[in-house]
Amino acid sequence: MTLLHAHDYGGDGPQLVLLHGHARSLTDWDASASLLTAGHRVLALDLPGHGRSPSASPWTVPTVVGHIADTLEAHGVPEAVVVGHSLGGLIAVEYARARARAAVNLDGFWWGRERPGAEQLAEGLLASAGAIAPSGYIEERVENSAPFGVPADRAEAAARRAARPLPDGRWQTLPERAEALEIFDELHRLGALGVTSWLEGVDRPLLLVQAGRRPPAPPGMEWFDEFSARFAREVSDELAALARTRPTLAVSRVDATHVMHMEAPEAVASLVTGFVRGLPD
């Protein structure tokens, strides 16, 4: 049995379990969790290899789902609505296949390797996976979060929990490289299915949320604007078609970028609360 690091935010009401994105930690949920505790009992987890959780070997969806199940059992959580962001959203849906009461996926969609531009993007992601960051890494992360309205103290806390300090002042980003490469393999495997095929067989209620805005592409990656816009449109079209024929599937959009739970915690909390309120007893 492998137990993941968890933080109990408290609260009273239907149980929520929060999962973060790739290379992040449960601290990302601080703002949204403080709002959700008004009507829910809220528990957040660090995914394997992230934050303070142990590694997973191998890092595969079934392995991670098993670790989450073990952890929730240890915390006396037999049934919950699992809410995940990005990578955590993908895992939330996978957990809902057999175990969760329902799931919320906040912008957790991926693409197959065959998509035009995907290999170019993958090269950049793989080059930085599990990297050793310079001593100014935390300050850089805080600065990068400012345009999204994330307060500096919250951005700093999240950045520090998502990396491990090294004796020479540098930072080991998490997950470490070997595990990060396994995660990208899993993401590409799920992305290759396409949204419609991926969601086949998930009969639990799902809320699937897309970001309504995209941040500017980094310098030298202007091509990414077209790539991400085209992918978002295709995902949106597939979700709309699925929602017309599957009453257990709801779709929505938040007027924020990908980091919606940090950028617009009130909007995310409102969406989650409304979704849980509408679930059958």
Task: Hphob cluster co-occupancy, V64 + L190, side-chain heavy atoms under 4.5 angstrom - done: yes
TODO: Of all the heavy-atom pairs spanning A131 and T173, show the shortest one and how long it is.
DONE: O-OG1, 2.7 Å
Open item on the list: Applying side-chain contact (heavy atoms from CB on, under 4.5 Å), can you list everything that pairs with L174, at least two apart in sequence or on another chain?
Closed with: R164, Q172, E176
Open item on the list: Which label fits F224 and F227: parallel for a plane angle under 30°, tilted from 30 to 60°, or perpendicular past 60°?
Closed with: parallel
Task: Heavy-atom check, side chain of L193 versus side chain of E200, under 4.5 Å - done: no
Open item on the list: R113 vs E119, test: side-chain contact (heavy atoms from CB on, under 4.5 Å). Steps then yes/no.
Closed with: CA-CA 6 Å; R113 294 180 187 272; E119 283 301 323; 3.5 Å; yes
- [ ] Please work out whether the ring planes of W171 and Y137 are parallel, tilted or perpendicular, with thresholds of 30° and 60°.
- [x] tilted
Task: Criterion salt bridge (Lys or Arg N to Asp or Glu O under 4.0 Å) on D8 and R41, from CA distance to verdict - done: CA-CA 8 Å; D8 190 342; R41 182 65 185 274; 2.4 Å; yes
Task: Nearest-0.5 Å distance, CH2 of residue W223 to OG of residue S228 - done: 9.0 Å
Task: I183 and P175, any side-chain heavy atoms less than 4.5 Å apart - done: yes
TODO: Answer with yes or no whether the side chains of S86 and R24 bring together a donor and an acceptor at under 3.5 Å.
DONE: no
Task: CG-NE2 distance between D30 and H7, expressed to the nearest 0.5 angstrom - done: 6.5 Å
Open item on the list: When you compare the side chain of L36 with that of Y9, does any pair of heavy atoms fall below 4.5 Å?
Closed with: no
Task: Nearest non-hydrogen partners of H40 and P14, listed with the distance - done: CB-O, 3.2 Å
Task: More than 12 heavy atoms from other groups under 6.0 Å of CG on D12 - done: no
Task: Non-hydrogen atoms of G51 and D46 that approach each other most closely - done: CA-OD2, 3.5 Å
Open item on the list: Please check this pair: side chain of R253 against backbone of Q210, looking for a donor-acceptor N/O pair closer than 3.5 Å.
Closed with: no
Task: Gap separating the CG atom of D107 from the CG atom of L87, nearest 0.5 angstrom - done: 12.5 Å
Task: N105 CG to I91 CD1 distance, which is reported to the nearest 0.5 Å - done: 10.5 Å
Open item on the list: Test of understanding: with side-chain hydrogen bond (donor to acceptor under 3.5 Å, both in side chains), list the residues that count as partners of T248, not counting sequence neighbours.
Closed with: none
TODO: Establish whether F109 and M260 are linked, either directly or via other cluster members, by ILVMFWY side-chain heavy-atom contacts under 4.5 Å.
DONE: no
Open item on the list: Quick check: do T60 and E182 have side-chain heavy atoms less than 4.5 Å from each other?
Closed with: no
Open item on the list: Would you say that E140 contacts E143 through its side chain, given a criterion of any heavy-atom pair below 4.5 Å between the two side chains?
Closed with: no
TODO: May I ask you to list the residues sharing a hydrophobic cluster with I132, side-chain cutoff 4.5 Å, ordered by chain and number?
DONE: L166
TODO: Look at the aromatic rings of F184 and W110 and report parallel, tilted or perpendicular, splitting at 30° and 60°.
DONE: tilted
- [ ] Using a 4.5 Å cut-off on heavy atoms from C-beta on, say whether the side chain of L199 contacts that of R246.
- [x] yes
Open item on the list: Taking side-chain hydrogen bond (donor to acceptor under 3.5 Å, both in side chains) as the definition, give me every residue that meets it alongside T257, ordered by chain and number, with sequence neighbours left out.
Closed with: E263
Task: L19 and Y95: CA distance, side-chain angles, deciding distance, side-chain contact (heavy atoms from CB on, under 4.5 Å) verdict - done: CA-CA 11 Å; L19 306 177; Y95 194 82; 5.9 Å; no
Open item on the list: Taking R141's backbone N and O only, do any of them form a donor-acceptor pair with S145's side chain (distance below 3.5 Å, no angle check)?
Closed with: yes
TODO: Would you check if S25 and H50 make a side-chain contact, meaning some heavy-atom pair closer than 4.5 Å?
DONE: no
Open item on the list: Would you compute the distance between atom CD of E186 and atom CH2 of W59 and round it to the nearest 0.5 angstrom?
Closed with: 7.5 Å
Task: Parallel, tilted or perpendicular: ring planes of H85 versus H258, cut at 30 and 60 degrees - done: tilted
TODO: Take E94 and L90 through the side-chain contact (heavy atoms from CB on, under 4.5 Å) test and state the conclusion after the steps.
DONE: CA-CA 6 Å; E94 292 299 312; L90 288 160; 5.7 Å; no
TODO: May I ask you to decide if H261's main-chain N or O and S32's side chain share a donor-acceptor pair within less than 3.5 Å?
DONE: yes
Task: Value rounded to 0.5 Å, distance of NE2 in H22 from CG in L187 - done: 7.5 Å
Open item on the list: Within the structure provided, determine whether S53 and L45 are in side-chain contact (heavy-atom separation under 4.5 Å).
Closed with: no
- [ ] Determine the minimum heavy-atom distance between E238 and G194, stating which atoms define it.
- [x] OE1-C, 4.4 Å
Open item on the list: Please find the pair of heavy atoms, one from A103 and one from A92, that lie closest to each other, and give the distance.
Closed with: CB-O, 3.5 Å
TODO: Indicate, with yes or no, if L208 and V61 share a hydrophobic cluster defined by side-chain heavy-atom contacts under 4.5 Å among Ile, Leu, Val, Met, Phe, Trp and Tyr.
DONE: yes
Open item on the list: Main chain of A98, side chain of R204: is a donor-acceptor contact present, judged purely on distance under 3.5 Å?
Closed with: yes
Open item on the list: Quick check against the 3.5 Å criterion: does R99 have a side-chain atom that pairs as donor or acceptor with the backbone of A80?
Closed with: no
Open item on the list: Is there a path of hydrophobic side-chain contacts, each under 4.5 Å between heavy atoms, that joins V272 and L35?
Closed with: no
Open item on the list: Is the distance from the ring center of H20 to that of W29 below 6.0 Å?
Closed with: no
Open item on the list: To check you understand the geometry: which heavy-atom pair defines the closest contact between S34 and A31, and what is its length?
Closed with: OG-O, 2.7 Å
Task: Any residue meeting side-chain hydrogen bond (donor to acceptor under 3.5 Å, both in side chains) with E156, in chain and number order, not counting sequence neighbours - done: R160
Task: Verify same cluster id: F275, L18 (apolar side-chain graph, 4.5 Å) - done: yes
Task: Test salt bridge (Lys or Arg N to Asp or Glu O under 4.0 Å) applied to D237 - qualifying residues, sequence neighbours left out - done: none
- [ ] Take L26 and R52 through the side-chain contact (heavy atoms from CB on, under 4.5 Å) test and state the conclusion after the steps.
- [x] CA-CA 9 Å; L26 61 79; R52 298 179 183 171; over 6 Å; no
Open item on the list: Could you check whether any side-chain N or O of T71 sits under 3.5 Å from a backbone N or O of L4, counting only pairs where one atom can act as donor and the other as acceptor?
Closed with: yes
